[in-house]
Amino acid sequence: MAAALTREGGEDAFRRLFRFYRQRDASDLRGVVDFSAPGGQVFKSQLSISSVSDQDAYRAGLRPVSQWKAYGLNGYPGFIFIPNPFLPGCQRHWVKQCLKLYTQKPNVCNLDLHMSPEKTVDLWGQSKEQLRRKGSSKWEPRSLLEKLRWVTLGYHYNWDTKPCIYQVSLLLGRLNKNLVIPFQSSQNHSWEREKKYSANHHTPFPSDLAFLSEQVAAACGFRGFQAQAGILNYYHFDSSLGIHVDESELDHSRPLLSFSFGQSSIFLLGGLKREEAPTAMFMHSGDIMVMSGFSRLLYHAVPRVLPNPEGTALPLCLDQGLPSDLPVGSVVEHSSDEDWHVCAKYLQSSRINMTIRQVLAEGQKFPEDSGTNGKGQALSEDSHHQENSRAKRHKPNTDS
Ligand code: SIN
């Protein structure tokens with residue numbers, strides 16, 4: 001890694017930069033890599049154009065792979081950044097799925113941990129009027145959708161094996177909604193915990209999202225990728241995501257795919273150790289990131305969500321609706337104006353990220369006892385999200 005190994009005053013280099021970028025008034029963002037104007041440590045990356053037919057790309061709402069740009073970063077083999085390869089109008093489909101469909105049962109979300117099942121059964125239905133009417137005041141109560149932090153798809157974490165942490169999380173969640181149970185991945189933390197997937201905590205993975213993921217993975221040289229688990233993260237301008245490694249999957253030879261929609265963010269990609277200073281990069285709406293090979297198990301975090309660079313309420317790439325004629329077999333579907341209006345209102349101050357993983361290698365099974373184990377993913381109500389409320393902003397970030 002090009003990054004220097006540093007630890008100053010007991011604080012590792014990753015945490016130091018996380019804290020730097022988390023400050024809303026950190027106005028010096030010159031060091032943040034922008035793949036829409038690449039330079040410096042960025043180089044062009046090759047894609048496997050023949051692995052995805054134009055027809056399949058269109059069906060997933062993507063441009064033909066021959067039209068995509070793809071970049072790598074010096075010092076991060078296996079990392080691929082693809083600036084918005086979506087066809088006009090198609091991001092809207094994925095945004096609507098993340099808010100309206102994937103939030104439905106049997107998928108699991110943070111709200112399930114402290115609300116009764118009947119209260120979380122229809123987050124969209126319960127929030128849409130409130131969102132539609134929402135003005136610009138920061139003091140209006142948040143709708144359930146705005147309280148949503150994460151949804152899991154496919155293989156979910158095995159909450160049952162973690163009664164103590166679950167209870168601690170619940171208790172603290174009740175005491176203070178802004179205090180997040182930190183996700184711990186540093187060896188120094190005594191309460192580091194495991195995340196486990198298991199064979200019996202599984203619900204069907206959405207077929208449209210599986211199809212999209214398969215096309216993107218194939219274009220990056222990973223034919224036969226199986227989308228088996230997904231984490232959807234929902235951010236607002238006061239959210240961040242703590243420093244972590246995604247290592248719970250049994251098969252690390254398969255990539256981790258990350259899709260972002262709505263407002264922008266700063267993403268930090270570090271090394272195998274937190275003492276390695278991370279590289280900061282912008283992620284804008286429609287951007288896709290692939291972490292594979294050496295980069296599959298690197299520390300990463302999202303210290304900050306920030307307004308899209310165009311300075312408009314919504315990124316311009318979300319302006320357009322879908323064309324009336326969609327290709328045969330398109331997994332992308334039209335949404336009503338009414339639904340899009342709710343999504344647009346939500347996204348004016350929010351960002352949605354979907355990370356998709358293959359958990360098991362072809363033919364692999366979970367070990368008899370429990371499935372995979374792994375450190376470094378959140379089990380708590382707020383996942384590894386940090387919500388920096390106005391009142392709590394000055395508090396140290398306990399997670400990272
Ligand atoms: C992101 O929101 O860009 C990253 C999500 C993750 O690391 O899980």
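Read the numbers this way: they start at 1 and go in the same order the structure lists the ligands and their atoms.
Looking at ligand 1, you'll find an N or O of His244 within less than 3.5 Å of one of its N or O atoms.
For His244 and Tyr299, the distance between ring centers is not under 6.0 angstrom. In this structure, the ring of His156 has its center no less than 6.0 angstrom from the ring center of His202. Ring pair Phe267/Tyr21: centre-to-centre distance not below 6.0 Å.
Comparing heavy-atom distances from atom 3 (O) of ligand 1 across Met291, Arg351, His300, Met289 singles out Arg351 as nearest.
Under a 4.0 Å criterion applied to the non-hydrogen atoms of Leu241, ligand 1 contributes the atoms 4 (C), 5 (C), 6 (C), 7 (O), 8 (O). Ligand 1 places these atoms under 4.0 Å from at least one heavy atom of Asn233: 5 (C), 8 (O). Taking a cut-off of under 4.0 Å to the non-hydrogen atoms of Tyr235, the atoms of ligand 1 that pass are 1 (C), 2 (O), 4 (C), 5 (C). Counting atoms of ligand 1 from 1 in the listed order, those under 4.0 Å from a heavy atom of Val302 are 1 (C), 2 (O), 3 (O), 4 (C).
The aromatic rings of Phe81 and Phe79 sit tilted relative to each other, their planes meeting at an angle between 30° and 60°.
No donor-acceptor pair closer than 3.5 Å links the side chain of Asn110 to the backbone N or O of Leu148.
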